[in-house]
Amino acid sequence: VSESSILDWLRSTSRASSRVPIPIGDDLAALKLDANDGLILVGVDQVLDRVHFDAREHAPELIGRKAVNRNLSDCAAMACEPVAAVLSLALPRGCGDDFVKRLIDGARDACSAFNCHLVGGDTGSWDGPLAVTVAVIGASRGVEPIRRSGAKPGDHLYITGPLGGSILGRHLTFEPRVTLARELVRACEVHAMLDLSDGLSRDLPRLCAASNVGATIDASLIPIHADARKLPGDPLDHALHDGEDYELLFAAPACDHPAAICIGTITAEPGVRITRDGTTRPLEPRGWDHAL
Ligand SMILES: [Mg+2]
């Protein structure tokens, strides 16, 4: 891969913006933020071949898209607006320019969908597998960032869509809930929120631990995605444990936004429980663990 030819191509195909007075191509890009932007939020996330995607099977556009959208999903979780992103590629030796351009195209399209600018990056080749790292900068822009730590006993727990079976393709093609998150926060008193990346059974305990509360969810209220029913095993188990749904999970006193699906309540008693067929038992975390 020739980094300078990729850079020339990126420069010539990037759209200009008054928010990016020094665009891609210099040592650093410059962003012009104003008083309306409020707090600046920043995060980074990586996707790895054979862990988060399979470079033998998946189109490079989808890999780039996923790398960006995981970051945008974190923006949604905080209810901020993404402003700019940078991307770093560890490329397997012999990877061609065409593959890299297609990957970057996918990343840039994902950014553009939310008016976010891809303003820089880096590439390196090595004998290892493909790794894609994206860092994102967001702005609160009139919406106070929502943390994981504000859930209160008595709050209802909501999710924004059906869960399970993302392995059949949605883990690559999901739409980050950036716009919806800001809508929800304006419509409802959202106390705590995160995006469901590792599965409800892993992510809900994180929200509860951060908030110093517990939760009881009702199996009959959890919307199960049609994909979960196409896989072997109990569809509810897929909904609870598969992960990579990238829906939002949030706690609020009450929320009648049409996208909010109530699945349970926040309790003062610690721990996470699930009620199914009249029996309540602890919900064991069996979700996707990226550390494995
Ligand atoms: Mg997250």
Show the numbers, then the answer: is there a side chain to side chain contact (heavy atoms under 4.5 Å, CB included) between Ile63 and Val132? CA-CA 8 Å; Ile63 298 169; Val132 185; 4.1 Å; yes

Measure across [X] and [Y] and return the closest heavy-atom pair with its distance rounded to 0.1 Å.
{"X": "Pro21", "Y": "Lys32", "answer": "CD-N, 3.7 Å"}
{"X": "Cys80", "Y": "Val178", "answer": "O-CG1, 4.1 Å"}
{"X": "Ala110", "Y": "Val68", "answer": "CB-CG1, 3.7 Å"}
{"X": "Asp155", "Y": "Ala251", "answer": "OD2-CB, 3.9 Å"}
{"X": "Pro82", "Y": "Cys75", "answer": "CB-SG, 4.0 Å"}
{"X": "Ala84", "Y": "Val119", "answer": "CB-CG2, 4.0 Å"}

Side-chain contact test, heavy atoms from C-beta onward, threshold under 4.5 Å: evaluate it for [X] versus [Y] and give yes or no.
{"X": "Arg108", "Y": "Thr13", "value": "yes"}
{"X": "Asp195", "Y": "Asp74", "value": "yes"}
{"X": "His238", "Y": "Ile224", "value": "no"}
{"X": "Pro253", "Y": "His191", "value": "yes"}
{"X": "Leu196", "Y": "Arg202", "value": "no"}
{"X": "Val185", "Y": "Arg182", "value": "no"}
{"X": "Ser197", "Y": "Asp203", "value": "yes"}
{"X": "Leu163", "Y": "Leu240", "value": "no"}

Tell me whether [X] is salt-bridged to [Y], with the criterion being a basic N under 4.0 Å from an acidic carboxylate O.
{"X": "Asp45", "Y": "Lys66", "answer": "no"}
{"X": "Asp54", "Y": "Arg50", "answer": "yes"}
{"X": "Arg170", "Y": "Glu244", "answer": "no"}
{"X": "Asp105", "Y": "Arg102", "answer": "no"}
{"X": "Glu175", "Y": "Arg65", "answer": "yes"}
{"X": "Asp237", "Y": "Arg286", "answer": "yes"}
{"X": "Lys101", "Y": "Asp98", "answer": "no"}

Has the side chain of [X] got a donor or acceptor atom that lies under 3.5 Å from a matching backbone atom of [Y]?
{"X": "Asp234", "Y": "Leu236", "value": "yes"}
{"X": "Asp227", "Y": "Ser166", "value": "no"}
{"X": "Thr160", "Y": "Leu248", "value": "yes"}
{"X": "Ser73", "Y": "Asn69", "value": "no"}
{"X": "Asp37", "Y": "Asp34", "value": "yes"}
{"X": "Ser14", "Y": "Arg11", "value": "no"}
{"X": "Asn71", "Y": "Ala67", "value": "yes"}

Are [X] and [Y] joined in one hydrophobic group, where the rule is that I, L, V, M, F, W and Y side chains link up if heavy atoms are under 4.5 Å apart?
{"X": "Ile266", "Y": "Leu194", "result": "yes"}
{"X": "Tyr158", "Y": "Val190", "result": "yes"}
{"X": "Val143", "Y": "Ile137", "result": "no"}
{"X": "Leu249", "Y": "Ile222", "result": "yes"}
{"X": "Val213", "Y": "Phe250", "result": "no"}

Residue from Asp198, Leu231, Leu200, Leu168 passing side-chain contact (heavy atoms from CB on, under 4.5 Å) with Asp242: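 Output: one option passes, namely Leu231.
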
Do the side-chain N and O atoms of [X] and [Y] include a donor-acceptor pair separated by under 3.5 angstrom?
{"X": "Thr275", "Y": "Arg281", "result": "no"}
{"X": "Arg273", "Y": "Thr216", "result": "yes"}
{"X": "His241", "Y": "Ser201", "result": "yes"}
{"X": "Arg276", "Y": "Ser220", "result": "no"}

Please confirm whether His171 and His58 have ring centers closer than 6.0 angstrom.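 Ring centres of His58 and His171 closer than 6.0 Å.
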
Tell me if the CG atom of Asp256 is crowded by more than 12 foreign heavy atoms within 6.0 Å.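 No - once you tally the heavy atoms of other residues, nucleotides and ligands closer than 6.0 Å, there are 12 at most.
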
Determine whether more than 12 heavy atoms belonging to other residues, nucleotides or ligands lie under 6.0 Å from atom CD1 of Ile167.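 12 or below, so no.
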
Intermediate values then yes/no, side chain to side chain contact (heavy atoms under 4.5 Å, CB included), Phe99 and Leu130: CA-CA 11 Å; Phe99 181 94; Leu130 175 63; 3.9 Å; yes

Cys111 and Cys116 SG atoms under 2.5 angstrom apart: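 The answer is no, since Cys111 and Cys116 keep their SG atoms 2.5 Å or more apart.
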
Calculate, to the nearest 0.5 Å, the distance between atoms [atom1] and [atom2] belonging to [X] and [Y] respectively.
{"X": "Asp109", "Y": "Ile104", "atom1": "CG", "atom2": "CD1", "result": "12.0 Å"}
{"X": "Leu7", "Y": "Asp122", "atom1": "CG", "atom2": "CG", "result": "10.0 Å"}
{"X": "Leu157", "Y": "Cys255", "atom1": "CG", "atom2": "SG", "result": "12.0 Å"}
{"X": "Leu33", "Y": "Arg19", "atom1": "CG", "atom2": "CZ", "result": "6.0 Å"}
{"X": "Leu91", "Y": "Ser125", "atom1": "CG", "atom2": "OG", "result": "5.0 Å"}
{"X": "Phe174", "Y": "Asp245", "atom1": "CZ", "atom2": "CG", "result": "10.5 Å"}

Give the intermediate values and the outcome of side chain to side chain contact (heavy atoms under 4.5 Å, CB included) for residues His257 and Glu183. CA-CA 9 Å; His257 189 284; Glu183 244 183 73; 2.7 Å; yes

Step by step, would you call Arg147 with Ser211 a side-chain hydrogen bond (donor to acceptor under 3.5 Å, both in side chains)? CA-CA 9 Å; Arg147 304 182 60 174; Ser211 296; over 6 Å; no

Do Asp97 and Ser5 pass the side-chain hydrogen bond (donor to acceptor under 3.5 Å, both in side chains) test, and can you show the C-alpha distance, the side-chain angles, and the key distance before you say yes or no? CA-CA 8 Å; Asp97 276 19; Ser5 81; 2.9 Å; yes

Is there a side chain to side chain contact (heavy atoms under 4.5 Å, CB included) between Leu31 and Val20 once you walk through the steps? CA-CA 5 Å; Leu31 305 178; Val20 191; 4.2 Å; yes

